[in-house]
Asker: 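Take this structure, written in structure tokens, and hold onto it; I'll ask about it next.
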Amino acid sequence: MATRTERLELRPFAPDDGAGIFGYLADPEAVRFEPYGVPTREECDALAADRAHDERFVAVCLRDGTLIGNLYRSVEGPPTWRTWEIGYVFGPRFWGHGYATEAAARLVRDLFEVEGAHRVVAACDVRNERSWRLLERLGMRREAHMLQAATFADDEHGRPVWHDSYHYAILEARDDAPTTTSPTHHFSDVIDRVEHEHERVTVTRNGRPR
């Protein structure tokens, strides 16, 4: 996937992206809900080398080339299901500007219009409010609240620390569309709106984006 949005460039990773990856993963807040901790600079070099050959990962850059995060896309289930899972990680210093929403909206559009997806899904820790609110801005519907669905760490006694997760999805056609008519791609109107959401950023009293 290589494309541009209003403010961003989405492209494949390159082997020399290690410094850029470290730039947005070095902050503990960036990986707080991920199944890994803050990587070292050397580990980021290895990640860049691996991702350069892995089409599931998409680098997200500002127009000046600054690497600010990544998207993830992967086929879920048998190919005949035409279902894709998405994910994203962005550096905290780039939060609050609508970049993640802008990038994820373009990814969802690409999956429907280019890859022919019927269904796009995502999951996140219930404590990660930023993540599930982003999914809802994309027009995705919360389909499940899974109890103690995953664990990424152990406690001081070596026992797994479980957490709940929300599961979201958006479909190719309206749920209420008659099956005898042509599908209506309801994702289109939603994505058209969120791709330009940054133009209407809400500003707090101190003038900082919220």
Side-chain angles (χ1 to χ4, degrees), residues 1-6 8-13 33-36 50-51 53-60 69-90 98-152 162-198:
M1 182 179 181
T3 188
R4 288 190 171 191
T5 67
E6 189 74 20
L8 306 171
E9 178 184 4
L10 280 57
R11 61 165 176 80
F13 274 92
F33 298 104
E34 298 300 317
Y36 50 84
D50 289 341
R51 292 181 179 183
H53 302 285
D54 191 339
E55 295 182 351
R56 296 175 301 174
F57 290 93
V58 180
V60 181
N70 68 260
L71 300 172
Y72 175 85
R73 58 180 190 164
S74 177
V75 174
E76 179 84 357
T80 53
W81 290 3
R82 294 162 48 211
T83 298
W84 290 73
E85 181 181 15
I86 64 169
Y88 37 79
V89 178
F90 284 78
Y99 293 139
T101 302
E102 188 176 334
R106 182 53 58 91
L107 175 63
V108 172
R109 178 185 290 279
D110 183 82
L111 292 176
F112 281 118
E113 296 183 348
V114 179
E115 302 294 345
H118 167 66
R119 176 177 166 90
V120 175
V121 302
C124 68
D125 191 313
V126 300
R127 298 167 297 177
N128 192 352
E129 183 175 353
R130 281 183 174 273
S131 183
W132 57 259
R133 289 201 179 277
L134 187 158
L135 295 174
E136 292 179 357
R137 285 197 297 275
L138 295 178
M140 301 183 80
R141 180 180 59 190
R142 186 185 298 173
E143 295 189 336
H145 178 168
M146 309 292 286
L147 303 180
Q148 298 187 23
T151 177
F152 298 152
W162 296 96
H163 65 263
D164 294 4
S165 64
Y166 288 146
H167 289 242
Y168 282 81
I170 185 170
L171 297 177
E172 170 188 28
R174 291 185 187 276
D175 292 343
D176 58 354
T179 57
T180 55
T181 64
S182 299
T184 300
H185 296 269
H186 77 293
F187 75 90
S188 182
D189 290 341
V190 174
I191 299 305
D192 283 342
R193 172 176 56 80
V194 298
E195 282 185 335
H196 297 91
E197 188 180 58
H198 64 274

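Every value quoted in this text rests on a predicted model; they were computed, and no experiment measured them. For reference, positions follow the sequence shown, starting with 1.
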Asker: State the CG-CD distance between N128 and E34, to the nearest 0.5 angstrom.
Answerer: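 Output value for this atom pair is 8.0 Å.
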
Asker: Which residues pass the ring-ring contact (aromatic ring centres under 6.0 Å, His included) test with H163, not counting sequence neighbours?
Answerer: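 Residues passing ring-ring contact (aromatic ring centres under 6.0 Å, His included) with H163: F152.
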
Asker: Report the distance from atom CG of D54 to atom OG of S74, rounding to the nearest 0.5 Å.
Answerer: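 Here the interatomic distance stands at 8.5 Å.
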
Asker: Under the side chain to side chain contact (heavy atoms under 4.5 Å, CB included) criterion, do W81 and R119 qualify, and how do the steps go?
Answerer: CA-CA 8 Å; W81 290 3; R119 176 177 166 90; over 6 Å; no

Asker: Give a yes/no verdict on a cation-pi contact between R142 and W132, requiring under 6.0 Å between NZ or CZ and the six-membered ring centre and an angle within 45° of the axis.
Answerer: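 Yes - R142 lies over the ring of W132, closer than 6.0 Å to its centre and within 45° of its axis.
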
Asker: What are the two closest heavy atoms between T101 and L138, and how far apart are they?
Answerer: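 What the structure gives for the nearest pair is O-CD2, 4.1 Å.
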
Asker: Are side-chain N/O atoms of E136 and Y168 paired as donor and acceptor at under 3.5 Å?
Answerer: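 There is such a pair between these side chains.
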
Asker: Begin from the C-alpha positions of Q148 and D164 and carry the test side chain to side chain contact (heavy atoms under 4.5 Å, CB included) through to its verdict.
Answerer: CA-CA 5 Å; Q148 298 187 23; D164 294 4; 4.2 Å; yes

Asker: Drop me the distance from R73's CZ to E115's CD, to the nearest 0.5 angstrom.
Answerer: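 The distance works out to 5.0 Å.
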
Asker: So, H167 and E143: side-chain donor and acceptor under 3.5 Å apart, yes or no?
Answerer: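 Absent: no donor and acceptor within the cut-off.
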
Asker: Tell me, do V75 and W84 make a side-chain contact under 4.5 Å, heavy atoms counted?
Answerer: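 Yes; the side chains approach each other to less than 4.5 Å.
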
Asker: Begin with the C-alpha distance, continue with both residues' side-chain angles, and end with the deciding distance and a verdict on side chain to side chain contact (heavy atoms under 4.5 Å, CB included) for Y88 and N70.
Answerer: CA-CA 6 Å; Y88 37 79; N70 68 260; over 6 Å; no

Asker: Indicate whether the side chain of R106 and that of T5 have a donor and an acceptor atom separated by less than 3.5 Å.
Answerer: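 Result is no, nothing qualifies.
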
Asker: What is the distance from atom CD of E129 to atom OH of Y166, rounded to the nearest 0.5 Å?
Answerer: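 Reported to 0.5 Å precision, the distance equals 9.0 Å.
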
Asker: Atom CD1 of I86 and atom CG of D110: how far apart are they, to the nearest 0.5 Å?
Answerer: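 Nearest 0.5 Å value for the CD1-CG distance: 11.5 Å.
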
Asker: Which pair of heavy atoms, one from A104 and one from L134, lies closest together, and at what distance?
Answerer: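 Smallest heavy-atom distance, with atoms named: CB-CD2, 4.1 Å.
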
Asker: With a 4.5 Å heavy-atom cut-off, do F90 and L71 have their side chains touching?
Answerer: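 Of all side-chain heavy-atom pairs linking L71 with F90, at least one is under 4.5 Å.
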
Asker: At what distance, to the nearest 0.5 angstrom, does OG1 of T3 lie from CZ of R11?
Answerer: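 Answer rounded to 0.5 Å: 13.5 Å.
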
Asker: Please lay out, stage by stage, how F112 and L171 fare under the test side chain to side chain contact (heavy atoms under 4.5 Å, CB included).
Answerer: CA-CA 9 Å; F112 281 118; L171 297 177; 5.9 Å; no

